[in-house]
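Comments concern the structure below.
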There are 2 protein chains.
Amino acid sequence: MFQLDIRERKPLYEQIKEKMKTLIISGALKSDEKIPSVRELAQSLTINPNTIQKAYKDLETEGFIYSVRAKGSFVTPLEQSKNYPGRDKLKQEFEKIVSELMYLKEPQEQLIALIKNIYEKKEVK
Amino acid sequence: MFQLDIRERKPLYEQIKEKMKTLIISGALKSDEKIPSVRELAQSLTINPNTIQKAYKDLETEGFIYSVRAKGSFVTPLEQSKNYPGRDKLKQEFEKIVSELMYLKEPQEQLIALIKNIYEKKEVK
DNA sequence: CTTTCTGTATCACAAATACTAATACAGTTA
DNA sequence: TAACTGTATTAGTATTTGTGATACAGAAAG
């Protein structure tokens with residue numbers, strides 16, 4: 001599914017979260033699609049299942065996946081993720097970064113262009 | 001200048017960085033304005049000078065302040081901060097967040113409106 | 001030149017937190 | 001029952017965090 005980099009100073013579970021998010025956001029993983037079980041992925045990456053669990057737990061809290069005991073973990077359908085709890089936090093992060101970029105005299109047109117670009121790219125899929 | 005919250009689980013130097021950033025970005029601290037010395041602020045907040053030093057060092061790396069030995073630390077003028085090293089990193093963060101928000105079906109008009117709002121507010125000052 | 005203020009660097013230590021691991025528990029399915 | 005799921009508990013280690021003490025270096029003021 002993907003590889004981890006031990007030499008990276010970033011925690012393993014963070015790396016897992018990022019890769020998984022990328023797969024979900026990019027559309028490589030569809031709604032309700034089953035993702036590898038904690039043990040499966042652990043074996044595949046040669047790390048401890050608990051590390052996977054931590055990553056999955058975070059991803060669930062952030063609304064990207066949902067887990068069902070004895071069944072597995074799955075990608076959250078968009079409709080359900082629309083009003084997930086982390087949304088406001090994300091927006092606050094967004095505002096913070098925009099404020100900083102503004103302080104650095106980044107033209108707002110540039111930021112708006114960036115947004116449009118991102119939205120267009122994904123729409124094409 | 002500001003207060004810290006010991007009960008906060010966030011590191012002291014992180015709190016200092018944030019408060020200082022806010023003061024700078026909001027315009028409360030002007031370009032080249034002198035900020036408290038490491039020892040001054042340490043005494044004022046009743047913490048160790050090394051903690052302040054760590055915060056200041058980070059802020060300098062991020063381009064918000066500059067320090068001159070034996071003189072003090074000062075707010076980086078906007079012109080100089082235009083091409084500071086952390087800018088690209090910030091933009092990457094920006095793109096990441098926008099991608100996530102898009103996945104959550106946040107309308108791009110909403111994000112654009114947010115940006116305009118932030119830029120307008122500060123412009124008025 | 002001496003004193004006194006700046007920032008900076010280094011080393012050390014304790015406490016807290018982060019990270020990973022080992023193991024056991026619990027529910028579902030076949 | 002067996003074999004798969006996620007989940008919870010516990011534990012040990014590594015890293016981060018905050019602090020302290022001390023020393024160095026440059027600038028300003030007397």
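Values below: every heavy atom of this structure, side chains too, minus hydrogens, waters and symmetry copies. Reminder, nothing fancy here: chain letters follow the sequence lines and each chain counts from 1.
Of all nucleotides listed (D:dT7, C:dT20, C:dG7), D:dT7 comes nearest to the side chain of A:Q53. Listed nucleotides D:dG6, C:dA9, D:dG18 differ in distance to B:K57; the shortest reach to its side chain belongs to C:dA9. Proximity note for B:E40 (side chain, C-beta onward) versus D:dT19, D:dT7, C:dT6: the nearest is C:dT6. Listed nucleotides: D:dG6, D:dT19, C:dT8. Nearest to the side chain of B:L12: D:dT19. Here the nucleotide nearest the side chain of A:I47, chosen from C:dA21, D:dG26, C:dT10, is C:dA21. Distance from the side chain of A:N48 is smallest for C:dT20 among the nucleotides D:dT19, D:dC24, C:dT20.
Within the 4.0 Å cut-off from OP1 or OP2 of D:dG6, not a single side-chain nitrogen or oxygen of A:S67 is found. Contact annotation: A:Y13 does not reach the phosphate of C:dT20 (side-chain N/O to OP1 or OP2, under 4.0 Å). Phosphate proximity of C:dA21 to A:T51: present, with a side-chain N or O under 4.0 Å from OP1 or OP2. Between D:dG18 and B:K54, no contact under 4.0 Å exists linking OP1 or OP2 to a side-chain N or O.
When each of A:E14 and A:A70 is assigned the nucleotide of DNA chain C bearing its nearest heavy atom, the one mapping closer to the 5' terminus is A:E14. Judged by closest nucleotide on DNA chain C, A:T46 is the one of A:R39 and A:T46 placed further toward the 5' end. Mapped onto DNA chain D by nearest heavy atom, A:R9 and A:K34 fall at different nucleotides, with A:K34 at the one closer to the 5' end.
Residues A:Y56 and A:Y13 keep their aromatic ring centres 6.0 Å or farther apart.
Between atom CG of residue B:L111 and atom CD1 of residue A:I115 there is a gap of 5.0 Å, rounded to the nearest 0.5 Å.
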